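Values below: every heavy atom of this structure, side chains too, minus hydrogens, waters and symmetry copies. Everything quoted here is computed from the prediction, not taken from an experiment.
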Amino acid sequence: MLEQETNPTISKSTGLPRKRFYRARAHSNPLSDSHFPVPISPSHVGYSLHYPHFFPSADQVNCSKKIQFADIGCGFGGLLISLSTLFPEVLMIGMELRDKVTEYVKERILALRVSNPGQYQNVSVVRTNSMKYIPNYFEKGQLTKMFFLFPDPHFKEKNHRRRVISPHLLDEYAYVLGVGGIIYTITDVEELGDWMRSCLENHPMFEALTKEELEADPVVKLLSSATEEGQKVARNGGQTFQAVFRRTVPTS
């Protein structure tokens, strides 16, 4: 309590970190070289650091419980927080390139764990470049859901190679997603929405969910409401463009 009274970055009323102390540029250049630790393989991911409730010891040998959800470019963590209580036994992680934003999400999760004993133990965040290091974190077929919410549109054609959904990156996502796993994408930029849908439609290992499947999936409803960006679009009366696809086995 004393820390909250003396630390201006913590809200006195909620005990959560204040976003205004963690503001950063809306997007970062994913092709630039940033310096942060990266595990040399998925077996070197520090599960006991991310999920101490489930892994009180650093000994992870033969552990069957692994991360299943990955929020790529998780921003301030709104989707992760919503998913954490919806799937309390599923381990999930946010992957964010901006250091201040990553620090905010870390503090937010720690504060929620303190104020809600037993909850939010299944969610964590890591500062990394997912366009470079996805295979360092996840084994083949490990993930069941991947999220790409309001990614940087990189409008200029010369910068399309920086887009987080692209034909060559979908090969990597198909590798770490198990058969039946789902990729969720959403944007408020129509051209980017068309691009992401086209990339997924033209990839041999993904197929679109049907209208009935979309309506039955509780996660779909969170895509436009759980994130700060989605809430801003809704306040401004803007449109969103979703593409939700399932990982399949390619036909020979």
Side-chain angles (χ1 to χ4, degrees), residues 24-31 69-80 82-83 86 92 94-98 101 129-132 134 143-177 180-248 250:
R25 295 181 64 180
H27 301 287
S28 295
N29 180 1
L31 301 184
F69 295 0
D71 186 3
I72 310 301
C74 66
F76 290 98
L79 177 68
L80 288 169
S82 296
L83 291 173
L86 192 61
M92 55 192 76
M95 310 184 86
E96 175 59 52
L97 185 55
R98 296 167 293 173
V101 178
N129 187 338
S130 59
M131 291 179 66
K132 293 183 177 181
I134 282 283
L143 298 179
T144 59
K145 296 185 188 295
M146 295 185 77
F147 301 91
F148 302 84
L149 276 55
F150 301 97
D152 190 335
H154 294 294
F155 289 107
K156 295 180 180 179
E157 186 173 351
K158 69 177 183 178
N159 290 332
H160 285 182
R161 63 197 178 104
R162 299 180 181 181
R163 288 181 168 177
V164 71
I165 296 290
S166 66
H168 74 277
L169 285 173
L170 283 177
D171 291 342
E172 287 198 2
Y173 305 153
Y175 176 81
V176 297
L177 271 172
I182 308 292
I183 275 187
Y184 300 82
T185 76
I186 188 172
T187 179
D188 59 333
V189 178
E190 186 173 7
E191 186 273 331
L192 178 61
D194 292 342
W195 163 282
M196 294 193 292
R197 177 173 291 277
S198 176
C199 288
L200 286 158
E201 285 176 340
N202 290 317
H203 196 284
M205 300 180 75
F206 291 99
E207 66 178 12
L209 268 65
T210 65
K211 180 181 178 181
E212 291 74 22
E213 288 172 327
L214 290 173
E215 292 175 347
D217 188 341
V219 174
V220 172
K221 301 176 179 63
L222 297 176
L223 300 184
S224 58
S225 63
T227 68
E228 181 184 63
E229 189 67 26
Q231 293 164 8
K232 183 168 66 176
V233 172
R235 286 196 304 270
N236 295 334
Q239 281 186 290
T240 58
F241 307 91
Q242 297 181 7
V244 183
F245 280 67
R246 178 189 297 107
R247 162 77 158 83
T248 62

Side chain proximity check, Glu213 to Asp217, heavy atoms < 4.5 angstrom: no

Separation of Arg163 CZ from Phe148 CZ (nearest 0.5 Å): 14.5 Å

Under 3.5 Å donor-acceptor, Gln242 side chain and Ile186 backbone: no

Side-chain touch Met146/Ile182, heavy atoms, less than 4.5 angstrom: no

Interatomic spacing from CE in Met196 to CG in Leu170 - rounded to 0.5 Å: 10.5 Å

Arg197/Glu191 salt bridge by N-O under 4.0 Å criterion: no

Criterion side chain to side chain contact (heavy atoms under 4.5 Å, CB included) against Phe150, the qualifying member of Asp188, Leu223, Leu192, Thr185: Asp188

Electrostatic pair Glu207:Arg247 at N-O distance under 4.0 angstrom: no

Nearest-0.5 Å distance, OG of residue Ser166 to CH2 of residue Trp195: 7.0 Å

Steps toward side chain to side chain contact (heavy atoms under 4.5 Å, CB included) verdict (Gln231, Thr227): CA-CA 6 Å; Gln231 293 164 8; Thr227 68; over 6 Å; no

Evaluation steps, side chain to side chain contact (heavy atoms under 4.5 Å, CB included), between Ile72 and Ile134: CA-CA 10 Å; Ile72 310 301; Ile134 282 283; 3.9 Å; yes

Aromatic plane relationship, Phe147 with Phe69 - under 30° parallel, 30 to 60° tilted, over 60° perpendicular: perpendicular

Nearest-0.5 Å distance, NE2 of residue His168 to CZ of residue Arg161: 10.0 Å

Side-chain touch Phe206/Thr248, heavy atoms, less than 4.5 angstrom: no

Stepwise side chain to side chain contact (heavy atoms under 4.5 Å, CB included) check, Thr187 with Thr240: CA-CA 6 Å; Thr187 179; Thr240 58; over 6 Å; no

Glu201 atom CD: more than 12 heavy-atom contacts under 6.0 Å: yes

Under 3.5 Å side-chain donor-acceptor pair for Asn202 and Ser198: yes

Over all atoms of both residues, closest heavy-atom pair of Pro167 and His203: O-CD2, 4.1 Å

Atom NZ of Lys221: over 12 foreign heavy atoms under 6.0 Å: yes

Test log, rule side chain to side chain contact (heavy atoms under 4.5 Å, CB included), inputs Leu79 and Cys74: CA-CA 8 Å; Leu79 177 68; Cys74 66; over 6 Å; no

Residue pair Val220 / Tyr184, side-chain heavy-atom distance below 4.5 Å: yes

Test log, rule ring-ring contact (aromatic ring centres under 6.0 Å, His included), inputs Phe245 and Tyr173: CA-CA 12 Å; Phe245 280 67; Tyr173 305 153; over 10 Å; no

Asn236 side-chain N/O to Gly238 backbone N/O, donor-acceptor pair under 3.5 Å: no

Leu97 side, atom CG; Ser130 side, atom OG - distance, nearest 0.5 Å: 8.0 Å

Rounded distance [0.5 Å steps], NZ in Lys145 versus CG in Asp71: 13.0 Å

